[in-house]
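For reference, the structure discussed in these notes is given below.
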Amino acid sequence: MFPLHRGRRLRTNESIRSLVRETSLSPADFMFPMFIAEGENYKVEIPSMPGIFRRSIDLTVEEVKEIFALGIRAVNIYVKVSENLKDNTGKEAWNQDGLMQNAIRAIKAACPEMIVMPDVALDPYSIYGHDGIIANGDVENDSTNAALVKMAVSHAQAGADFVAPSDMMDGRVLRLREGLDAAGFHNVGIMSYSAKYASAFYGPFRDALDSAPVEATEIPEDKKTYQMDYANRIEAIKEALWDVEEGADMVMVKPGIAYLDIVREVKNAVNVPVTVYHVSGEYAMIKAATERGWLDNDKIMMEQLMCIKRAGASLISTYFAKEAAILLNK
């Protein structure tokens, strides 16, 4: 009689394992984060993120066409802004002839079916490297929201399909929804970074955009007054529910692998798709270990992406998107 149940019957070979596999991945599960810089025919690898580049708009467009052919259907775009365009108001963020707006137009013209989700936050445009406007020694919530609305509307005017607020200001999703609707962009969606933690995993990303907070006595030294404390779980559910109530079409948990418990909690709590950002530090660690021969890049990459999907992700924003799509297409 013993054992009556043998789990190994369903693991006998790959054919059986594939029949009963609970979770699957496809290139359509991925969103590719892309870094855009000024110039033409410009492509520079980010030292802390091997295989990831800052590209000028023309080369970004070529890359977008390539990844679309692989089955990837969404890009999350960021811009590296010239220092002379930065200030404390973020006004360059809603310049209709700005780098972000021109990039959106170029991508949509070249690949209309690619879903473009530009980042909405002021840190690339700030002399202080913070996600909002500094006033009285802190990031001022409501004036920042007003700036973010202008930024998001300019993205919609350029052709964005979704806007992706990553700033973590209170009430910004409602203000963005109101602003987009008032401007006639009822069909432009909001993918909110709802549970964005104050994480040390963002270091390589800040290298890519030169957007780390600057050291100055009159401003916060980090982003902990608006990004979440990584010790907290219930707060993430609360933030996600608030964003859904305010009109978010998708919510995001960031970072990814170290926060899979939060992904599952949020997935269970909301009735909208959950995006997970597999962030730069998580990418860089795998690449560094691979370079030293300690890990197998492809196996670790696919295992982590599968685990993020298993935890409840509807969409995974990952720097591995292109690599994983190529592997899945074989």
Side-chain angles (χ1 to χ4, degrees), residues 27 30-87 89-127 129 150-164 166 188 202-212 280 283-284 287 317-323 325-326:
F30 306 138
M31 176 162 61
F32 194 28
M34 303 186 76
F35 301 114
I36 303 170
E38 295 282 4
E40 289 185 27
N41 198 33
Y42 176 86
K43 178 181 176 181
V44 173
E45 188 173 39
I46 299 160
S48 54
M49 299 175 70
I52 301 299
F53 299 84
R54 296 189 203 102
R55 292 179 173 87
S56 52
I57 290 175
D58 54 332
L59 298 187
T60 298
V61 165
E62 294 307 310
E63 182 75 352
V64 166
K65 291 178 184 177
E66 189 172 333
I67 64 172
F68 189 85
L70 291 171
I72 296 168
R73 293 294 179 260
V75 291
N76 190 201
I77 58 175
Y78 304 85
V79 292
K80 187 179 188 306
V81 179
S82 300
E83 291 298 318
N84 65 305
L85 297 175
K86 296 182 180 182
D87 61 14
T89 70
K91 63 181 183 295
E92 178 62 20
W94 54 89
N95 177 4
Q96 271 302 324
D97 290 320
L99 181 59
M100 177 67 87
Q101 290 76 6
N102 287 333
I104 295 167
R105 281 191 286 268
I107 292 169
K108 293 302 291 185
C111 192
E113 293 180 58
M114 180 65 84
I115 302 302
V116 179
M117 301 192 190
D119 180 56
V120 175
L122 296 185
D123 50 329
Y125 304 89
S126 169
I127 54 173
K150 290 187 278 189
M151 184 180 186
V153 169
S154 77
H155 293 174
Q157 290 169 338
D161 300 284
F162 282 75
V163 294
S166 64
V188 172
Y202 305 151
F205 176 94
R206 291 173 182 166
D207 289 344
L209 293 184
D210 190 23
S211 62
S280 59
Y283 175 88
K287 289 300 181 184
S317 185
T318 176
Y319 301 98
F320 284 114
K322 185 177 180 181
E323 284 184 70
I326 291 169

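- Taking all atoms of both residues into account, the shortest heavy-atom contact from T318 to P33 is O-CD, 3.2 Å.
- Residue pairs meeting the salt bridge (charged side-chain N to carboxylate O under 4.0 Å, His left out) criterion with at least one member in residues 63-73, sequence neighbours excluded: R55-E63, E62-K65, E63-K322, E66-K322.
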Is there a side chain to side chain contact (heavy atoms under 4.5 Å, CB included) between H155 and V188? Walk through the geometry before answering. CA-CA 10 Å; H155 293 174; V188 172; over 6 Å; no
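- Under a 3.5 Å cut-off, the side chain of K108 and the backbone N or O of I115 do not form any donor-acceptor pair.
- Remark: K91 pairs with D87 by the salt bridge (Lys or Arg N to Asp or Glu O under 4.0 Å) rule, at least two apart or across chains.
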After noting the C-alpha distance and the side-chain angles of F32 and I52, does the key distance pass the side chain to side chain contact (heavy atoms under 4.5 Å, CB included) rule? CA-CA 11 Å; F32 194 28; I52 301 299; 4.2 Å; yes
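- Crowding of Q96 atom CD: a count of heavy atoms from other residues, nucleotides or ligands under 6.0 Å exceeding 12.
- When all heavy atoms of V64 and M34 are compared, the closest pair comes out as CG2-SD, 3.8 Å.
- The line from CE of M31 to CG of N76 is 4.5 Å long, rounded to the nearest 0.5 Å.
- In this structure, CZ on F53 lies 4.5 Å from NZ on K43, to the nearest 0.5 angstrom.
- The CD atom of E323 sits 11.5 Å away from the CG atom of L70 when rounded to the nearest 0.5 Å.
- At least one side-chain heavy atom of S166 sits less than 4.5 Å from a side-chain heavy atom of D119.
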What's the verdict on side chain to side chain contact (heavy atoms under 4.5 Å, CB included) for V153 and V163, showing C-alpha distance, side-chain angles and the deciding distance? CA-CA 9 Å; V153 169; V163 294; over 6 Å; no
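- For the pair L85 and N95, the minimum side-chain heavy-atom distance is 4.5 Å or more.
- Interatomic distance, I77 CD1 to I36 CD1, rounded to the nearest 0.5 Å: 4.5 Å.
- Closest approach of M100 and Y78 over heavy atoms only: CE-CA, 4.1 Å.
- For the ring pair (Phe, Tyr, Trp, His ring centres under 6.0 Å) with Y283, the qualifying choice from F205, F320, Y202 is F320, the only one to do so.
- The distance from atom CZ of R105 to atom CD1 of I57, rounded to the nearest 0.5 Å, is 9.0 Å.
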Derivation of the side chain to side chain contact (heavy atoms under 4.5 Å, CB included) call for V75 and I67: CA-CA 9 Å; V75 291; I67 64 172; 3.6 Å; yes
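- Residue L99 holds its CG atom at 10.0 Å from CD1 of I104, rounded to the nearest 0.5 Å.
- No donor-acceptor pair under 3.5 Å is formed between the side chain of E38 and the backbone N or O of V81.
- When side chains are defined from C-beta on, V116 counts as touching P118, because their heavy atoms get closer than 4.5 Å.
- Closest non-hydrogen pair, Q101 versus S154, comes out as NE2-OG, 2.8 Å.
- Closest heavy-atom contact between K86 and P124: CE-O, 3.2 Å.
- Closest heavy-atom contact between E45 and G51: OE2-N, 2.6 Å.
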